[in-house]
Amino acid sequence: DIELIDSVGGYAAYRHLWAPKWRSSLVLSASSADNPDSLADTVAASYQSMHVNLVYAPVAALTFGIEYIHATKEIEKPVNGDDSGDLDRLQFSAKYIF
């Protein structure tokens, strides 16, 4: 017998063109699971994240970007008080197509 885990998740994304060389994206996502008692208490019960970026393409083959990410995770049964976590990240990118 295989016990399936009920879960639901999804995301929404929006891309905005500010000018011919500038664009941004906003992405929201979430996932949640109804975990059975047979799994470890530290198994994740839900995740949520938000990504927002700004991209500049001065020429067709060259792109620079900056992105901010905020995410959270909640575990099924906290062991040490509140074992849930948050993540904040700022990342930069450069891409050259040859």
Side-chain angles (χ1 to χ4, degrees):
D1 284 330
I2 297 175
E3 183 179 344
L4 300 178
I5 298 173
D6 292 331
S7 64
V8 64
Y11 73 95
Y14 172 72
R15 182 177 180 188
H16 184 80
L17 302 175
W18 299 101
K21 297 181 180 186
W22 292 89
R23 68 181 186 271
S24 291
S25 295
L26 171 66
V27 181
L28 304 172
S29 67
S31 177
S32 178
D34 184 16
N35 296 315
D37 293 335
S38 60
L39 292 179
D41 291 344
T42 55
V43 170
S46 66
Y47 296 96
Q48 299 84 33
S49 70
M50 176 205 56
H51 300 239
V52 62
N53 65 28
L54 179 63
V55 178
Y56 173 61
V59 295
L62 185 62
T63 304
F64 298 102
I66 183 171
E67 181 174 55
Y68 170 70
I69 301 169
H70 176 75
T72 61
K73 176 178 113 173
E74 295 177 17
I75 65 167
E76 194 65 42
K77 297 175 189 162
V79 177
N80 298 319
D82 184 12
D83 287 330
S84 299
D86 293 327
L87 167 80
D88 290 295
R89 177 182 293 168
L90 184 64
Q91 57 190 28
F92 302 90
S93 66
K95 179 175 78 170
Y96 179 70
I97 300 171
F98 55 92

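- In this structure, Ile69 is not a member of the same hydrophobic cluster as Leu28, with clusters built from ILVMFWY side-chain heavy atoms closer than 4.5 Å.
- To the nearest 0.5 Å, atom OG of residue Ser31 and atom OH of residue Tyr11 are 13.5 Å apart.
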Listed pairs under 3.5 Å, donor-acceptor, residues 89-98 side chains, sequence neighbours left out:
{"unit_1": "Gln91", "atom_1": "NE2", "unit_2": "Glu67", "atom_2": "OE1", "d": "2.9"}

Let me have the donor-acceptor pairs involving side chains of residues 44-63, under 3.5 Å, with sequence neighbours excluded, atom names and distances please.
{"unit_1": "Ser46", "atom_1": "OG", "unit_2": "Gln48", "atom_2": "NE2", "d": "3.4"}
{"unit_1": "Gln48", "atom_1": "OE1", "unit_2": "Thr72", "atom_2": "OG1", "d": "2.5"}
{"unit_1": "Ser49", "atom_1": "OG", "unit_2": "Ser29", "atom_2": "OG", "d": "2.6"}
{"unit_1": "Asn53", "atom_1": "OD1", "unit_2": "Ser25", "atom_2": "N", "d": "2.7"}

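- With rounding to the nearest 0.5 Å, the separation of CG in Leu87 from NZ in Lys73 is 11.0 Å.
- In this structure Asp88 satisfies the side-chain contact (heavy atoms from CB on, under 4.5 Å) test together with Tyr68, His70, sequence neighbours excluded.
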